Amino acid sequence: MNIPFERLDVTDSTNRVLKELALDGVQPPYAVCALRQTCGRGRMDRSFISPNGGIYVSFLFDYNNNLSLTAMAAVAVRRSILKVCGISCDIKWVNDLYYRGKKVCGILAEAVNDKVVLGIGINWAAEISDLPDVATTLGQSQVTANALIEELANQLYGPLDMWIEEYRAADMLLGKQIKIIQAGVETGCGVARGITPEGFLIVEEDGVEVVLSTGEVSVRTVE
Ligand code: BTN
């Protein structure tokens with residue numbers, strides 16, 4: 001799919017740039033990507049380390065009250081990676097992608113007026129030594145980064161059929177003991193029991209099933 005693209009060498013954050021463009025009137029579909037970010041942003045106000053060799057790209061959407069956007073995006077990225085380099089990633093709720101037990105992709109959705117900026121960071125060809133311990137690289141060639149970005153646009157602006165089935169099949173938390181952490185504080189623990197049709201996480205706590213929506217909740221497997 002051919003969409004308008006702004007390609008930068010270095011920027012602070014592609015999400016920040018695209019939010020500014022949206023405020024200036026840019027309309028979807030539209031994307032901004034960079035080879036490196038100096039101030040990459042993650043969920044829950046964390047930073048996202050963004051060295052050379054990664055893919056840092058933000059896409060603009062109309063806000064349509066679709067609560068599943070971030071969960072759907074995880075499937076779109078997973079499909080793109082599988083198609084372009086044959087690697088099958090796991091999904092850690094809500095929208096992190098893991099490869100061999102370590103994080104290779106993070107996704108951050110941010111609202112701006114009636115639009116949503118969806119930022120995706122993938123450790124595509126980055127050196128492991130440039131990444132935090134919890135992360136790894138997909139070990140791909142920088143030459144293929146553009147093919148991945150094009151496929152992301154196809155998937156994200158396409159129909160993305162059967163996404164929930166794929167999400168469930170790739171759900172790495174299923175059946176695992178997890179801790180629920182809200183705003184940095186442990187608020188509960190239980191066993192992950194799957195994903196609702198909207199992309200929410202079902203957790204069994206003391207024999208009772210509760211549903212966690214997206215937002216300020218993160219989950220860690222108990223060692
Ligand atoms: C997370 O893992 O918490 C989400 C990370 C999202 C990183 C991407 S990289 C492109 C876009 N620009 C940013 O500053 N953040 C997102």
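In this text, all values refer to a predicted model and were calculated from it rather than measured experimentally. Counting convention: from 1, in listed order, for ligands and their atoms alike.
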If the cut-off is 4.0 Å to any non-hydrogen atom of [X], which atoms of ligand 1 fall inside it?
X: Ser13; answer: 12 (N), 13 (C), 14 (O)
X: Asn15; answer: 11 (C), 12 (N), 16 (C)
X: Gly106; answer: 2 (O), 4 (C), 5 (C), 6 (C)
X: Gly42; answer: 1 (C), 3 (O), 4 (C), 5 (C)
X: Gly40; answer: 14 (O)
X: Ser58; answer: 11 (C)
X: Ile120; answer: 8 (C), 9 (S), 10 (C)

For ligand 1, does [X] get within less than 4.0 Å through its side chain, its backbone, both, or neither, judged by non-hydrogen atoms?
X: Gln37; answer: side chain
X: Ser50; answer: neither
X: Arg16; answer: neither

Geometric N/O contact Tyr56 with ligand 1, under 3.5 angstrom: no
Going by distance alone, is a donor N or O of one side chain under 3.5 Å from an acceptor N or O of the other, for [X] and [Y]?
X: Thr38; Y: Asp12; answer: no
X: Gln37; Y: Ser50; answer: yes
X: Ser129; Y: Glu127; answer: no
X: Asn146; Y: Arg7; answer: yes
X: Arg36; Y: Thr11; answer: no

Do me a favour and list the nearest non-hydrogen protein atom to [atom] with residue, atom name and distance?
atom: atom 3 (O) of ligand 1; value: Arg43 N, 2.7 Å
atom: atom 6 (C) of ligand 1; value: Arg41 O, 3.4 Å
atom: atom 5 (C) of ligand 1; value: Phe48 CD1, 3.4 Å
atom: atom 10 (C) of ligand 1; value: Thr14 OG1, 3.2 Å

Parallel, tilted or perpendicular for Tyr167 and Trp163, by the 30°/60° rule? perpendicular
So, does Lys103 sit close enough to ligand 1 that a heavy atom of it is under 4.0 Å from the ligand? yes
Ignoring hydrogens and angles, tell me if any N or O in the side chain of Asn123 forms a donor-acceptor pair with the backbone of Thr136 under 3.5 Å. yes
Please answer whether the main-chain N or O of Ser141 pairs with a side-chain N or O of Trp124 as donor and acceptor at a distance below 3.5 Å. yes
Are Tyr30 and Phe5, when compared by the centres of their aromatic rings, separated by less than 6.0 Å? no
Short N-O contact, Arg193 and Glu209, less than 4.0 angstrom: no
